Amino acid sequence: MAPRANWKGFLRLSLVTCPVALYPATSESEKISFNQLNRQTGHRIKYVKVDAETGDQVPNEDIVKGYELEKGQYIEVSKEELEEIALESTRTIEIDEFVDKSDIDPRYLIRPYYIRPDGKVGHDAFAVIRETIREMDKVAIGRVVLTNREHIVALEPMDKGLVGTLLRYPYEVRSEQEYFDDIQDVKVTKDMLDLARHIVNQKAGRFAPEKFEDHYETALIELINEKRAGKVIRPKERPKGENVVDLMEALRRSVGKDAGKQAAPAKADKPAKKPRKAAAGQKEMLMPIAGKKAAAKETSAKKQASGARRKSA
């Protein structure tokens with residue numbers, strides 16, 4: 001099934017315009033998620049909206065938004081009033097300027113989107129904009145209206161398309177001084193730096209996301225599979241950390257530890273561990289004995305059997 005666009009409109013650089021579509025570049029749908037259940041019945045928990053004072057359930061048409069001025073005092077804002085001030089989407093991503101990627105503080109990054117031409121027209125104009133950004137080795141900064149709010153977006157070439165990353169506004173980023181001012185000024189000796197550099201060099205590599213493994217997600221899958229198989233779940237012993245007080249001693253031990261790891265030869269009878277599948281395959285690792293389709297078939301079979309018994313009765 002083709003992915004569904006979150007937004008469709010136009011990308012414009014001065015007088016060059018092309019129709020584009022915007023798609024989420026990330027997803028958490030493959031992660032294990034849980035529902036809350038009633039332990040006594042096994043039924044799902046249902047949440048209802050109630051008045052905090054009376055406890056009475058409130059229908060949706062009687063619920064309005066409110067801004068709290070003081071404790072218990074609110075300014076009510078209606079849906080119509082919000083619609084009145086909502087920014088009308090121009091359905092256009094306007095490119096305002098070009099900046100160096102190193103100029104963008106990572107704290108301002110929110111989430112990435114894929115941007116591609118929409119339909120069969122405009123591919124030439126899209127390619128011109130994309131290759132101009134690539135050739136200049138810059139990041140294009142533009143504006144886009146999503147869900148009635150204007151967002152700043154940073155555009156970068158990726159393969160034949162663009163990646164647009166939404167950026168935060170300055171008021172959304174906290175000052176580091178609130179957290180860093182109390183950190184003590186410590187004089188780091190040359191010996192300590194030399195040992196630390198040695199550790200860094202031993203661990204040097206290249207960024208390869210396919211090597212990353214979500215150990216908690218793996219543990220969740222194993223837990224669910226074990227419970228489905230009827231196994232008794234017993235707590236595992238947790239490793240105890242070494243208590244090294246002397247910083248120089250800790251650095252020396254780290255150097256020896258990492259050097260030992262590099263020197264240890266690989267066992268011939270065990271092939272190199274292949275990187276696990278990308279996140280798209282996470283749920284496939286669950287035991288295939290049930291799942292939604294199997295559960296649906298089982299439920300259907302039970303209903304048919306129950307119906308047959310009623311008929312025979």
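Only heavy atoms go into these numbers, but all of them, side chains included; no hydrogens, no water, no symmetry mates. Bear in mind that the values here come from a model prediction, so they are computed numbers and not experimental data.
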Side-chain touch [X]/[Y], heavy atoms, less than 4.5 angstrom:
{"X": "Leu166", "Y": "Leu146", "answer": "yes"}
{"X": "Pro112", "Y": "Thr26", "answer": "yes"}
{"X": "Val153", "Y": "Leu167", "answer": "no"}
{"X": "Tyr113", "Y": "Val163", "answer": "no"}
{"X": "Val64", "Y": "Tyr74", "answer": "no"}
{"X": "Ile45", "Y": "Asn38", "answer": "yes"}
{"X": "Asp194", "Y": "His198", "answer": "no"}
{"X": "Pro19", "Y": "Phe126", "answer": "no"}

If you look at every heavy atom in [X] and [Y], which pair is closest and at what distance?
{"X": "Ala140", "Y": "Phe98", "answer": "CB-CE2, 3.7 Å"}
{"X": "Lys211", "Y": "Arg206", "answer": "NZ-O, 4.1 Å"}
{"X": "Phe207", "Y": "Pro209", "answer": "CE2-CG, 3.4 Å"}
{"X": "Leu37", "Y": "Gly42", "answer": "CD2-O, 4.0 Å"}
{"X": "Arg168", "Y": "Glu172", "answer": "CA-OE1, 3.4 Å"}

Expected output: side-chain [X] to main-chain [Y] donor-acceptor under 3.5 Å:
{"X": "Ser175", "Y": "Gln177", "answer": "yes"}
{"X": "Glu226", "Y": "Gly230", "answer": "no"}
{"X": "Arg130", "Y": "Lys160", "answer": "yes"}
{"X": "Arg134", "Y": "Asp159", "answer": "yes"}
{"X": "Arg143", "Y": "Ile95", "answer": "no"}

Can you list every salt bridge (Lys or Arg N to Asp or Glu O under 4.0 Å) pair that touches residues 106-125, not counting sequence neighbours? Lys8-Asp118, Asp105-Arg107, Arg107-Glu176
[X] and [Y]: same hydrophobic cluster, using ILVMFWY side-chain contacts below 4.5 Å?
{"X": "Tyr216", "Y": "Phe34", "answer": "yes"}
{"X": "Val188", "Y": "Leu195", "answer": "yes"}
{"X": "Ile233", "Y": "Ile221", "answer": "no"}
{"X": "Ile110", "Y": "Val144", "answer": "yes"}
{"X": "Tyr171", "Y": "Ile152", "answer": "yes"}

By the side-chain hydrogen bond (donor to acceptor under 3.5 Å, both in side chains) test, which pairs, at least two apart or in different chains, include something from residues 50-61? Thr54-Asp56
Go through Trp7 and Val20 one step at a time and tell me if the side-chain contact (heavy atoms from CB on, under 4.5 Å) criterion holds. CA-CA 9 Å; Trp7 180 93; Val20 295; 3.9 Å; yes
Can you tell me how far apart [atom1] ([X]) and [atom2] ([Y]) are? Round to the nearest 0.5 Å.
{"X": "Asn35", "Y": "His43", "atom1": "CG", "atom2": "NE2", "value": "13.5 Å"}
{"X": "Ile133", "Y": "Glu156", "atom1": "CD1", "atom2": "CD", "value": "9.0 Å"}
{"X": "Leu220", "Y": "Asp214", "atom1": "CG", "atom2": "CG", "value": "8.0 Å"}
{"X": "Tyr67", "Y": "Ile75", "atom1": "OH", "atom2": "CD1", "value": "10.0 Å"}
{"X": "Leu11", "Y": "Ile115", "atom1": "CG", "atom2": "CD1", "value": "6.5 Å"}
{"X": "Lys49", "Y": "Ile63", "atom1": "NZ", "atom2": "CD1", "value": "4.5 Å"}

When you look at [atom1] of [X], are more than 12 heavy atoms from neighbouring residues, nucleotides or ligands closer to it than 6.0 Å?
{"X": "Glu76", "atom1": "CD", "value": "no"}
{"X": "Glu178", "atom1": "CD", "value": "yes"}
{"X": "Glu84", "atom1": "CD", "value": "no"}
{"X": "Asp137", "atom1": "CG", "value": "no"}
{"X": "Met192", "atom1": "CE", "value": "yes"}

With Leu155 as partner, the option from Ile141, Ile93, Val139, Thr165 fulfilling side-chain contact (heavy atoms from CB on, under 4.5 Å) is Ile93
Verify side-chain contact (heavy atoms from CB on, under 4.5 Å) between Tyr23 and Asn6, making sure each step is shown before the conclusion. CA-CA 5 Å; Tyr23 303 85; Asn6 272 30; over 6 Å; no
For Thr132 and Val16, what are the C-alpha separation, side-chain angles and deciding distance, and is it a side-chain contact (heavy atoms from CB on, under 4.5 Å)? CA-CA 12 Å; Thr132 300; Val16 181; over 6 Å; no
